[in-house]
Amino acid sequence: MPDLSHIVKAYDVRGVVPDQWDETLAALFGAAFVQVTDAKAIVVGHDMRPSSPGLTRAFAEGAAARGADVTEIGLCSTDQLYYASGSLDMPGAMFTASHNPAQYNGIKMCRAGAAPVGQDTGLSEIRALVEEWAEKGLPASGAATGTLTQRDVLTDYAQYLRDLVDLRGIRPLRIVVDAGNGMGGHTVPTVFDGLPLELDALYFELDGTFPNHEANPLDPANIVDLQKRVREKGADLGVAFDGDADRCFVVDERGEPVSPSAITALVASRELAKHGGGTVIHNCITSWSVPEVVKESGGTPVRTRVGHSFIKAEMASTGAIFGGEHSAHYYFRDFWNADTGMLAALHVLAALGGQQGPLSQLVASYDRYAASGEINSTVDDQAGRAAAVLAAFSDREGVELDHLDGLTATGADWWFNLRASNTEPLLRLNVEARDADTMARIRDEVLALVRG
């Protein structure tokens with residue numbers, strides 16, 4: 001009996017191949033996915049990892065064995081798979097482990113229209129079926145075996161995004177893109193083709209062993225090469241994508257990182273102008289600047305918990321036009337409420353190319369406060385350390401507390417959020433203040449309590 005508790009996460013399947021899962025299990029996941037979604041047709045795609053083609057084909061054959069017709073789109077980014085699920089109106093499965101090391105792989109699943117499949121929306125039922133069938137064998141479905149059909153949707157995906165953000169009238173820009181040997185190397189050339197962009201491609205060779213650096217641009221160590229190249233080339237900006245290219249991270253003309261909160265605020269202002277107002281979702285650790293800019297731009301900000309399932313659920317219930325997270329995930333109503341780093345990148349390029357100033361000047365109005373970034377502390381007693389912080393701030397005059405996601409404490413000119421990791425013995429701290437000295441003071445006080 002496989003132990004699926006280690007590989008079935010809250011939002012996806014992820015583990016080491018073949019130690020924790022393999023093609024035999026992938027076929028069972030395909031069959032279970034069809035049964036739970038009651039799908040007559042599905043779409044599947046995969047990233048550049050060595051194990052991805054075999055796992056994807058096994059999943060497809062398992063799905064076909066339960067009677068579903070399977071459209072295989074081959075190599076793709078995660079948001080390209082979401083495009084296929086949305087435009088074809090089919091449930092979909094993307095084989096990727098994002099920025100995890102090469103020995104990992106996983107499955108991100110969605111219902112038709114790119115609606116997420118998570119623990120509370122079908123993933124627990126899929127896991128239960130896979131466990132049952134792994135032990136007792138796959139029962140006959142009674143349905144005729146479905147077909148497997150190959151289809152290339154890259155050009156259609158690129159055109160769809162370019163129709164949403166028109167870059168034809170912008171001034172020429174010089175851009176460095178670091179694909180991290182991930183799927184950005186597959187999508188960027190087609191999306192950017194013919195646009196007024198001088199592209200300097202860094203690590204575009206698809207290589208799931210990640211020979212140059214980990215494909216996680218939120219780790220400062222992984223954007224050093226991008227920063228250096230932007231400065232050397234005198235580029236207008238740099239963009240880094242993660243392994244499955246659903247997240248993008250931006251650096252300005254000086255090679256300085258632009259916070260995802262600033263990108264969220266910038267894109268929100270553009271989407272609000274385009275739609276004539278609307279609701280914008282942000283999680284509880286994005287900058288104060290985000291709801292401020294949303295209100296200034298005629299929109300309604302809605303604060304939610306951290307995590308894409310919460311963002312997507314809130315977008316669906318409120319009809320929000322856009323949502324952004326500190327992790328550089330950006331969600332668009334025009335993209336089936338799914339996240340797409342590429343569409344966010346096009347917004348940044350359109351905003352920059354539509355005026356004459358440098359990116360650092362453009363984003364300055366969206367980056368108003370001093371932030372700590374996310375600070376992780378390994379602790380033996382998450383609950384006890386969090387309780388100590390709560391006790392220290394509970395009776396402090398002028399401080400408001402809420403527990404939407406962990407503990408958020410808000411003072412007159414600062415706030416912090418302290419959250420426990422669901423998967424590791426970590427407490428995650430984010431602090432923001434109106435000036436750097438206040439931020440440092442609050443940061444150090446909370447860390448002293450967390451770390452004892």
With sequence neighbours left out, the residues meeting side-chain contact (heavy atoms from CB on, under 4.5 Å) with A215 are F210
What is the ring orientation for W288 with Y369, classed by angle as parallel under 30°, tilted 30 to 60°, or perpendicular over 60°?
perpendicular
Has D219 got more than 12 heavy atoms of other residues, nucleotides or ligands less than 6.0 Å from its CG?
yes
Side chain D69, main chain T147, donor-acceptor under 3.5 Å
yes
Please assess E253 against S360 for the test side-chain hydrogen bond (donor to acceptor under 3.5 Å, both in side chains), listing each intermediate value before the final yes or no.
CA-CA 7 Å; E253 77 286 353; S360 59; 2.5 Å; yes
Strictly distance-based, threshold 3.5 Å: is any side-chain N or O of R49 a donor or acceptor partner for the main-chain N or O of Q103?
no
Within a 6.0 Å radius of atom CZ on R151, are there more than 12 heavy atoms belonging to other residues, nucleotides or ligands?
no
Separation between OG1 of T190 and CE of M342, rounded to the nearest 0.5 Å:
9.0 Å
Out of curiosity, I42 CD1 to T37 OG1, how far, rounded to the nearest 0.5 Å?
7.5 Å
Output all residues satisfying side-chain contact (heavy atoms from CB on, under 4.5 Å) with R419, sequence neighbours left out; order by chain, then residue number.
I285, V306, E374, D405, N417, R428, N430
Smallest heavy-atom separation, G45 atom then L81 atom, equals N-CD2, 3.9 Å
Do side-chain atoms of S85 reach the backbone of A114 as a donor and acceptor pair under 3.5 angstrom?
yes
Check this for me: does any side-chain nitrogen of one of E296 and R368 sit under 4.0 Å from a carboxylate oxygen of the other?
yes
Run the numbers on F59 and H46 for ring pair (Phe, Tyr, Trp, His ring centres under 6.0 Å), then give the verdict.
CA-CA 11 Å; F59 183 97; H46 63 81; over 10 Å; no
Let me see the working for E432 and S287 under side-chain hydrogen bond (donor to acceptor under 3.5 Å, both in side chains), right down to the final yes or no.
CA-CA 7 Å; E432 185 176 70; S287 170; 2.7 Å; yes
Can you check whether F241 and F249 have ring centres sitting under 6.0 Å from each other?
no
CG/D252 to CD/Q227 distance, rounded to the nearest 0.5 angstrom?
9.5 Å
Which is it for D156 and S87 under the side-chain hydrogen bond (donor to acceptor under 3.5 Å, both in side chains) test, yes or no, and what are the steps along the way?
CA-CA 10 Å; D156 293 340; S87 63; over 6 Å; no
So, are R57 and E72 salt-bridged, with charged N and O less than 4.0 Å apart?
yes
Does any part of the side chain of R305, heavy atoms only, come nearer than 4.5 Å to the side chain of L404, both counted from C-beta?
yes
For the residue pair N100 and R14, confirm or rule out a side-chain donor-acceptor distance under 3.5 Å.
yes
K108 pairs by salt bridge (charged side-chain N to carboxylate O under 4.0 Å, His left out) with which of D246, D47, D12?
D246
Quick one: does any side-chain atom of S297 pair with a main-chain N or O of G299 as donor and acceptor, under 3.5 Å?
no
Rounded to the nearest 0.5 Å, what separation is found between the OG1 atom of T121 and the CD1 atom of I126?
8.5 Å
Does a donor on one side chain sit under 3.5 Å from an acceptor on the other, for D244 and S98?
yes
May I ask you to check whether H282 and F322 place their ring centers less than 6.0 Å from one another?
no
State, yes or no, whether a side-chain contact exists between D79 and F335 at a heavy-atom distance under 4.5 Å.
yes
Among V8, V34, L55, L129, which residue meets the side-chain contact (heavy atoms from CB on, under 4.5 Å) test with F29?
V8
Verify, without hydrogens or angle tests, whether S261 (side chain) and T286 (backbone) share a donor-acceptor contact under 3.5 angstrom.
no
From L349 CG over to L195 CG, what is the distance, rounded to the nearest 0.5 angstrom?
8.5 Å
Would you say the side chains of D178 and H213 form a donor-acceptor pair under 3.5 Å?
yes
Distance-only polar pair, side chains of N216 and R247, donor-acceptor under 3.5 Å:
yes
Roughly how far, to the nearest 0.5 Å, is CG of L28 from CZ of R66?
10.0 Å
If you apply the rule side-chain hydrogen bond (donor to acceptor under 3.5 Å, both in side chains), what do you find for D339 with H329, and how did you get there?
CA-CA 6 Å; D339 47 318; H329 281 287; 2.9 Å; yes
Please determine whether the number of non-hydrogen atoms from other residues, nucleotides or ligands lying under 6.0 Å from atom NZ of K274 exceeds 12.
yes
Got a sec, which residues hit side-chain contact (heavy atoms from CB on, under 4.5 Å) with N212, two or more places apart in sequence or on another chain?
N181, Y203
Here the ring pair (Phe, Tyr, Trp, His ring centres under 6.0 Å) pairs for residues 149-170, sequence neighbours left out, are Y83-Y160, Y160-W336
Polar side chain donor-acceptor pair, E325 to Y330, under 3.5 angstrom:
no
Applying salt bridge (charged side-chain N to carboxylate O under 4.0 Å, His left out), name anything that partners D166, two or more places apart in sequence or on another chain.
R168
Can you tell whether the side chains of D200 and R229 come within less than 4.0 Å, N to carboxylate O?
yes
Sub-3.5 Å donor-acceptor pair from the side chain of E314 to the main-chain atoms of F310, do we have one?
no
Measure across C248 and A344 and return the closest heavy-atom pair with its distance rounded to 0.1 Å.
SG-CB, 4.2 Å
Could you tell me whether a side-chain N or O of R127 sits under 3.5 Å from a main-chain N or O of L4, the two making a donor and an acceptor?
no
Output all residues satisfying side-chain contact (heavy atoms from CB on, under 4.5 Å) with D22, sequence neighbours left out; order by chain, then residue number.
P18, T24, L25
